[in-house]
2 protein chains.
Amino acid sequence: MTTSLKRIEREPLWDLAHAQLRDALLAGRFEPGTVLTLRFLAEQFGTSITPVRDAVTRLVAQGVLQQGPRNSAIVPNLSRKELADLTVVRCALEGRAAREAALQKHDAATFRQLEERLSKMQSLIQARKLESYLEHHRKFHFGIYAMSSIPLLVETIENMWLRCGPVLSFVIPEYVVLLKGWDHHTAALKAIMAGDAARAEAEIVADITEAAHYLGGLADATGQLRRPVIP
Amino acid sequence: MTTSLKRIEREPLWDLAHAQLRDALLAGRFEPGTVLTLRFLAEQFGTSITPVRDAVTRLVAQGVLQQGPRNSAIVPNLSRKELADLTVVRCALEGRAAREAALQKHDAATFRQLEERLSKMQSLIQARKLESYLEHHRKFHFGIYAMSSIPLLVETIENMWLRCGPVLSFVIPEYVVLLKGWDHHTAALKAIMAGDAARAEAEIVADITEAAHYLGGLADATGQLRRPVIP
DNA sequence: CCGTGTTGTTTGTTATAACAAACAACAAAA
DNA sequence: TTTTGTTGTTTGTTATAACAAACAACACGG
């Protein structure tokens with residue numbers, strides 16, 4: 001028997017809290033270094049501290065939040081060294097994902113979808129809509145990684161992106177425009193379509209490396225990353 | 001002022017619970033598929049369910065425990081496909097770690113320590129002491145990975161090992177003895193000492209791949225891994 | 001014999017209160 | 001003025017109880 005009824009599922013409060021915190025982090029809506037106290041978050045969510053505690057525990061376990069003194073959760077402030085480490089791991093993982101993606105056959109629809117997203121990104125950049133651009137940018141990358149058919153790999157990469165989250169808002173539109181002289185995105189996609197694994201990996205690695213190089217230049221003498229001045 | 005007093009630090013209960021569960025998983029002391037209920041674990045630890053809940057939440061977030069229906073935590077039962085995926089990610093990460101290790105200078109003491117561990121492993125295998133062997137084996141691998149000086153990389157690799165934990169007890173001494181015709185461990189260590197990055201990576205990858213190939217052979221028709229019969 | 005509704009038990013979820021450690025502000029003594 | 005001790009507040013930790021959803025066993029009616 002088939003009906004038009006939708007599946008009922010109630011998500012626990014701590015799951016909702018986790019999702020909200022996760023998105024906020026990924027969007028860089030928290031100033032790095034901020035301490036997140038349980039009671040404050042609980043008040044924001046309008047719940048008791050129990051589900052908030054679960055959400056924070058999960059985020060700390062994922063390495064998205066650092067645990068400061070007395071096990072308090074703080075929004076990580078990436079140093080230049082940590083950014084460099086993150087870049088190494090991301091290159092290893094995302095490079096491999098691109099490689100695996102190139103080794104497999106895919107639907108024409110998949111490719112078309114990604115190409116459409118690329119042109120959408122192009123127009124968003126010209127319109128200086130950074131927020132929307134980053135959203136599409138993220139989906140494009142993970143669209144490629146999903147083509148590897150290795151869920152574990154995608155999951156692990158997602159974790160690394162989450163760790164980059166707090167400094168993601170440091171990216172300024174000017175940089176993205178500047179960089180688009182050489183578009184590694186389209187190159188990577190073409191390589192995957194052609195089944196050129198080595199090329200696909202190289203393009204993704206280049207994309208990650210160049211972005212990291214730009215962000216690394218934002219570090220001050222102490223190695224802490226600083227938000228660029230918006231002109 | 002310097003005294004002989006040691007630093008006092010009290011670890012929270014949920015931290016202790018997490019460590020115990022973690023070690024048990026890593027040693028493969030839980031049958032894959034086991035459901036771990038909060039109240040059962042709480043009784044084992046002699047605490048309330050609150051700290052246990054934190055520990056389990058953390059393990060689930062790390063992907064070490066799967067969450068079954070009604071968010072219950074179950075010891076994952078790896079399929080052949082999942083093992084293959086795990087192998088791909090491990091090769092990417094651990095291969096890179098070995099490569100980075102080879103690119104740096106290290107103390108002679110570090111090398112000597114690892115060599116001693118290798119000979120220790122040799123004797124443990126001959127004595128068929130699998131439990132102790134695996135312990136040293138783990139420390140040897142992570143000794144190498146630590147030489148990469150990339151904490152994030154080590155942390156991520158540790159996560160992958162944790163996920164392999166439940167099936168680690170499937171390894172039988174005979175296999176380890178058999179395999180030692182070609183010792184990738186000493187070869188990798190030598191490559192790192194010589195600064196041969198490509199070789200170091202290749203040896204580690206070979207080590208991982210061969211072990212995975214052995215474990216993959218233990219899968220039944222459904223793809224589920226099965227504990228080998230001990231003769 | 002099979003399907004259905006009921007009931008009791010199990011188990012994760014959430015709120016709450018008591019607790020203890022850490023921190024900050026302030027006061028007292030050198 | 002600087003240091004030290006005290007006190008009040010903040011904040012993570014833990015236990016406990018009430019709750020609700022899911023599951024299993026059982027009884028009833030076809």
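A, B, ... follow the sequence lines: proteins, then strands. Residue 1 opens every chain. Quick caveat: nothing in here was measured; it's all calculated off a predicted structure.
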**Report entry** Side-chain touch A/F45/A/L16, heavy atoms, less than 4.5 angstrom
**Finding:** no

Query raised in the report: Can you find a pair of side-chain heavy atoms, one from A/Q66 and one from A/V60, that are under 4.5 Å apart?
Result: no

Separation of atom [atom1] in [X] from atom [atom2] in [N], rounded to whole Å:
| X | N | atom1 | atom2 | answer |
| --- | --- | --- | --- | --- |
| B/E43 | C/dT11 | CD | C1' | 14 Å |
| B/L41 | C/dT10 | CG | C1' | 15 Å |
| A/D54 | C/dA15 | CG | C1' | 13 Å |
| B/D15 | D/dT13 | CG | P | 9 Å |
| A/F40 | D/dT11 | CZ | P | 11 Å |
| A/L13 | D/dA21 | CG | P | 13 Å |
| A/Q67 | C/dA21 | CD | C1' | 16 Å |
| B/I49 | D/dA18 | CD1 | P | 14 Å |

Please state whether the phosphate of [N], meaning OP1 or OP2, lies under 4.0 angstrom from any side-chain nitrogen or oxygen of [X].
| X | N | value |
| --- | --- | --- |
| B/R53 | C/dT13 | yes |
| A/N71 | D/dT11 | no |
| B/T50 | D/dT14 | no |

Query raised in the report: Is the shortest side-chain N to carboxylate O distance from A/D85 to A/K81 below 4.0 Å?
Result: yes

Query - Closest nucleotide among C/dA15, D/dT14, C/dT13 to the B/P51 side chain - result: D/dT14

Report summary line: Among D/dT11, C/dG12, D/dT14, the one nearest any side-chain atom of A/R70 is D/dT11

Query - Of B/T47 and B/R39, the one whose closest DNA chain D nucleotide lies more 5' - result: B/T47

Query raised in the report: Parallel, tilted or perpendicular: which describes the rings of B/H137 and B/H185, with under 30° parallel and over 60° perpendicular?
Result: tilted

Query - Closest-nucleotide ordering on DNA chain C, the 5'-leading residue of A/P69 and A/P12 - result: A/P12

Query raised in the report: When the aromatic ring centroids of B/Y145 and B/H141 are compared, is their separation below 6.0 Å?
Result: yes

